[in-house]
Amino acid sequence: MQAATLAAGLGLLAPAVLAQNNQSYYDYTTNGNPQLDQRTLATIPLGFPDCDNGPLAGTTVCNTSVPAYQRASALVSMMTLEEVVNNTVNTAPGVPRLGVPPYEVWNEALHGLTHFYQPDNGSFSWTTAFPQPILSMASMNRSLIHQIGDIISTQARAASNAGRYGLDVYSPNINGFRSPVWGRGQETPGEDAFFLSSLYTYEYVTSMQGGVNPVVPKMETVIKHFAGYDLETWHGHSRLGNDLNITAQNLAGYFTPQFKTGIQYAKAKGIMCAYNAVNGEAGCSDPFFLQTLLREEWGFDKQNGFVSSDCGAVYSVFNPHMDAPNRTAAAAIAMRAGTDIDCGTEYAYYLTPALNEQLIDRATIDRALTRLYAGLVEAGYFDGNSSMYRDLTWDDVVRTDALNISYEAAVEGLTLLKNDGNLPLKKSHDCKSVALIGPFANATDQLIGDYAPTPNYIISPLAAFEDSDWEVNYAFGTGVLWRNTSGFEEALEAARNSDVIVYAGGIDLTIEDEALDRENITWPGNQLQLINQLSQLGKPLTVLQFGGGQVDGTALKNNDNVNSLMWCGYPGQSGGQAVVDVLSGKRAPAGRLVTTQYPAEYVNQFDQRDTELQPHGSCPGQTYMWYTGEPVYAFGHGLFYTTFDEEVAGNSSGTFNITELVSQPHDDYEYVEHVPLVTFEAKVTNTGDMDSDYSAMLFANTTSGPAPRPIKWLVGIDREATIPPGGSCTVSIEVPLGVLARANEAGDLIVYPGEYELALNNERSVVYSLTLTGNAVPIAMWPLQLEEGATGNM
Ligand SMILES: *[C@@H]1O[C@H](CO)[C@@H](O)[C@H](O)[C@H]1NC(C)=O
Ligand SMILES: *[C@@H]1O[C@H](CO)[C@@H](O)[C@H](O)[C@H]1NC(C)=O
Ligand SMILES: *[C@@H]1O[C@H](CO)[C@@H](O)[C@H](O)[C@H]1NC(C)=O
Ligand SMILES: *[C@@H]1O[C@H](CO)[C@@H](O)[C@H](O)[C@H]1NC(C)=O
Ligand SMILES: *[C@@H]1O[C@H](CO)[C@@H](O)[C@H](O)[C@H]1NC(C)=O
Ligand SMILES: *[C@@H]1O[C@H](CO)[C@@H](O)[C@H](O)[C@H]1NC(C)=O
Ligand SMILES: *[C@@H]1O[C@H](CO)[C@@H](O)[C@H](O)[C@H]1NC(C)=O
Ligand SMILES: *[C@@H]1O[C@H](CO)[C@@H](O)[C@H](O)[C@H]1NC(C)=O
Ligand SMILES: *[C@@H]1O[C@H](CO)[C@@H](O)[C@H](O)[C@H]1NC(C)=O
Ligand SMILES: *[C@@H]1O[C@H](CO)[C@@H](O)[C@H](O)[C@H]1NC(C)=O
Ligand SMILES: *[C@@H]1O[C@H](CO)[C@@H](O)[C@H](O)[C@H]1NC(C)=O
Ligand SMILES: *[C@@H]1O[C@H](CO)[C@@H](O)[C@H](O)[C@H]1NC(C)=O
């Protein structure tokens, strides 16, 4: 909100303003979803401009010797005002007069393709459905994230070539999974925003785009949601109207570093501003985020990037944020602040009035569309059939799906939380039938999660068990949310008739989804009641916990008759096969939790909109970095089937003068924060009797710098492939200077001199002592907030 006078003038309107395209009352402060019109939601047939024979032939936009931005600028300069305005929205009609075809900016690619033009059941009626990112990231395998992005972009380009998909994607979702109730945490790589989300962003963006700032981007990634977006509808507070107070320290240290990585290091071509406001400014009209941070600090201008609003978020600048007194002014301040494209229709209807009312100028409107087209020019949109990637077809979708990386990702992400030796299920003379019980036992669509691609097949746990040597006794038992016990007896009967019991339950999209946060983090319905009854039958019992968010498993942890517990996330199209292969021991688990499993009371201890991560008042601190309570299962927890012995390899201590280090030339690195400081090495030996992958997390902790200090923070990950019994490998993790930085109260990222320890996993089985001397080194200074009321650069 700007000046008080503005707010006063709006008193009559708020909160009962009319909805976007519907004259009946719709409250944007409580409803989780905006009302989007058909044009915004549409998926349309697409095509490429014809620079050889079309009206554009011979014009500058078709001249490949001219830099991309100039080509785009030349195109926009040929358009009338109405034509420019018409194309500043996500479903853009193009310019028929000039042979510029319609374009759709809204394409999704979170874990496979969604929201694209699929008119028939032929080619492109299916594409690969990978696990949700939260499970893939639990693998600790950054190459896996890269390979998934590589495949998704191949499939996306193939669809684009067939006129069904654009050249940009509204992915990835990289907001930190701070509050465990967040319905979209499943879409993210977890709660460690500073390191892990940044790593994930780097791998996703550079694989989707085809490298770091390649000449021809394969797909342009629009990283989202900038910034401070991590709740949907908690306690009736809609994401559309939330206004979160975030300190400069937490903005710099938690809510924006992954965006900085995406823009500055991975060179993402796009970014999406969020529905919510931060510190009184709606995300899509915030010149501090969109101009100062993004373009001035992180250099977004240098890479011809564009900003898209979230869908309906330009309208939300007016309703419910009231950052402008009417829709005309809202469109103007959003674009002036730097929101180039409106996923919505506000720009189409209100920019011309805004120009007439002198709330915006023509150059600013032209600039916005030029930014979008500059990216399309780079991607080869105007360059004809022989341009890079234009040869990808449906065959490439079929080929990349057959690599079966969706299955590999699911196997690698599965995370064993508890095991008394029950797993793997050994198939011996007295153990050959399994009771498979629960709401996920025969799950198909439920295995995919939100932003669900339509895959060619989905393998349920039941189907995978039926396809194995096991004799399966299936019973539904109960639903995710059921309170009635009508299915219990059948489930108990199936269990009595079997040698071992597997319960497959947890949470699904009925309680965690876009526009739907959870109100609690307990196991929903009567699932624990059924599990408890199953546990009293004296048979080996495994519980599979599906879903993106964690549920408090204290009862399962403390029940000795629950022999094993495995978190399965949303494992994708081959999820059932992955689960059964791990249960049976064909594959071994090595995933690690990328979120903290908090006790249930945690979410009642403080307002979930309270973004202060550090412990304060009744808030025990947020994320593993600051949480002072006892987690049920900690961030980073994950068991193996085998045992590993870890010992130091190489040095176990070192002293470095950081003042000296940053003053030396670092020709191999564009940014000093990426210069390697230490290589942490541990020798890991498989001391058990099964082949297993090994996964590692490396944490730092320190007594340096000002208090409060985080308990610890993640500075590296690794995964090593199949280590046989008796075999060993060396885990080697390079720790660059920048990951040791912390944000101070002003938001400056500083590496402080002093004592640090680098410790392997939560067990701290190998510790490296690090001493930094010299002066505190600033990695990045947080820019000053603009004067209140400043709205862009007109
Ligand atoms: C308008 O919104 C109301 C409330 O969401 C809904 O019930 C109604 O169907 C909508 N009407 C139209 C014409 O979209
Ligand atoms: C394309 O642009 C280059 C560089 O500006 C220029 O030299 C050349 O004449 C242009 N070609 C055409 C066909 O206009
Ligand atoms: C602008 O878009 C509208 C709606 O798609 C269309 O009716 C109109 O003809 C377009 N105007 C121009 C100049 O392309
Ligand atoms: C696709 O196939 C389904 C099921 O066979 C059918 O219901 C649907 O109408 C088909 N859609 C099109 C566009 O042909
Ligand atoms: C943000 O701070 C303002 C001013 O102190 C306060 O009125 C508001 O309730 C705070 N919002 C949240 C979500 O805590
Ligand atoms: C919208 O608000 C602006 C103030 O920012 C004002 O100048 C303009 O006249 C208003 N337009 C309409 C159509 O009410
Ligand atoms: C480019 O390929 C498309 C699809 O195969 C085809 O329709 C079009 O005619 C081709 N254009 C040229 C200039 O060859
Ligand atoms: C499992 O689900 C499939 C559909 O997804 C259904 O056809 C089948 O009947 C179900 N099996 C059982 C045993 O309920
Ligand atoms: C917990 O929240 C879910 C929805 O998120 C709800 O269905 C359930 O009733 C709640 N349980 C309790 C014990 O409050
Ligand atoms: C790091 O944490 C460990 C475990 O809490 C502690 O024993 C050690 O003193 C800490 N080291 C530093 C340098 O803070
Ligand atoms: C990590 O993923 C890559 C790409 O999928 C794969 O080749 C590699 O084997 C995986 N590493 C481990 C240790 O599983
Ligand atoms: C660190 O390096 C700086 C610059 O070379 C030097 O001035 C300073 O004395 C060094 N400090 C220590 C503790 O060695």
Side-chain angles (χ1 to χ4, degrees), residues 1-10 12-14 17-18 29-30 51-52 56-75 78 178-179 181 228-248 250-251 255 274-283 285 314-315 317-337 346 349-361 377 382-384 517 606-613 616-619 622 785 788-792 794:
M1 187 65 64
Q2 301 168 33
T5 47
L6 185 68
L10 297 168
L12 284 176
L13 276 175
V17 273
L18 297 180
T29 65
T30 57
C51 267
D52 293 330
L56 291 175
T59 66
T60 303
V61 71
C62 292
N63 185 340
T64 54
S65 311
V66 175
Y69 194 87
Q70 268 173 260
R71 290 174 68 185
S73 184
L75 173 70
M78 295 165 74
R178 172 187 63 86
S179 170
V181 302
Y229 173 78
D230 58 16
L231 286 172
E232 303 296 299
T233 51
W234 181 79
H235 282 204
H237 301 289
S238 169
R239 58 182 177 158
L240 305 174
N242 277 341
D243 180 4
L244 303 169
N245 300 327
I246 312 182
T247 62
N250 284 319
L251 275 175
F255 293 91
Y275 288 122
N276 58 284
V278 171
N279 300 334
E281 286 278 3
S285 61
V314 167
Y315 173 73
V317 168
F318 164 62
N319 174 21
H321 290 303
M322 294 292 161
D323 279 5
N326 54 56
R327 293 166 77 171
T328 309
I333 68 163
M335 185 173 272
R336 274 162 47 200
E346 295 298 286
Y349 297 126
Y350 293 99
L351 281 179
T352 303
L355 187 75
N356 293 337
E357 292 175 32
Q358 295 179 337
L359 299 173
I360 194 164
D361 57 26
V377 167
F382 294 90
D383 296 345
D517 290 328
F606 63 100
D607 188 320
Q608 295 301 301
R609 294 170 302 164
D610 181 346
T611 61
E612 186 73 17
L613 303 177
H616 62 285
S618 66
C619 172
Q622 303 187 58
Q785 192 86 31
E788 190 166 318
T791 49
M794 191 174 158

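If you read the sequence from its start, that first residue is 1, and numbering goes on from there. Both ligands and their constituent atoms are indexed starting at 1 by order of listing.
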When every non-hydrogen atom of A282 is compared with those of V317, the smallest separation belongs to CB-CG2, 4.2 Å
With sequence neighbours left out, the residues meeting disulfide bond (SG atoms under 2.5 Å apart) with C619 are none
Heavy-atom closest pair (A277 atom, G280 atom, distance to 0.1 Å) is CB-C, 4.4 Å
For N245, the atoms of ligand 5 under 4.0 Å from one of its heavy atoms are 1 (C), 2 (O), 3 (C), 8 (C), 10 (C), 11 (N), 12 (C), 14 (O)
Near ligand 2 (heavy atom, under 4.0 angstrom), the protein residues are N63, S65, V66
Value for CD1 (I333) from CZ (F318), rounded to nearest 0.5 Å, stands at 11.5 Å
Near P325 (heavy-atom distance under 4.0 Å), the atoms of ligand 6 are 2 (O), 4 (C), 5 (O)
- Between T60 and Q70, does a side chain to side chain contact (heavy atoms under 4.5 Å, CB included) hold up when you go through it step by step? CA-CA 8 Å; T60 303; Q70 268 173 260; 5.7 Å; no
In ligand 6, the atoms that come under 4.0 Å of a heavy atom of N326 are 1 (C), 2 (O), 3 (C), 8 (C), 10 (C), 11 (N), 12 (C), 14 (O)
Counting heavy atoms under 4.0 Å, the part of D243 that contacts ligand 5 is backbone
Rounded to the nearest 0.5 Å, the CG atom of N326 sits from the OH atom of Y350 at a distance of 9.0 Å
Please indicate whether any nitrogen or oxygen in T328 is less than 3.5 Å from any nitrogen or oxygen in ligand 6. no
Near A329 (heavy-atom distance under 4.0 Å), the atoms of ligand 6 are 2 (O), 5 (O)
All heavy atoms of A337 vs all of S285, minimum pair found to be CB-C, 3.6 Å
Check your understanding: Looking at ligand 5, does any of its N/O atoms fall within less than 3.5 Å of an N/O of R609?
Key -> no
Taken to the nearest 0.5 Å, the spacing of W234 CH2 from D607 CG works out to 4.0 Å
CD (E346) and OG1 (T328) are apart, to the nearest 0.5 Å, by 9.0 Å
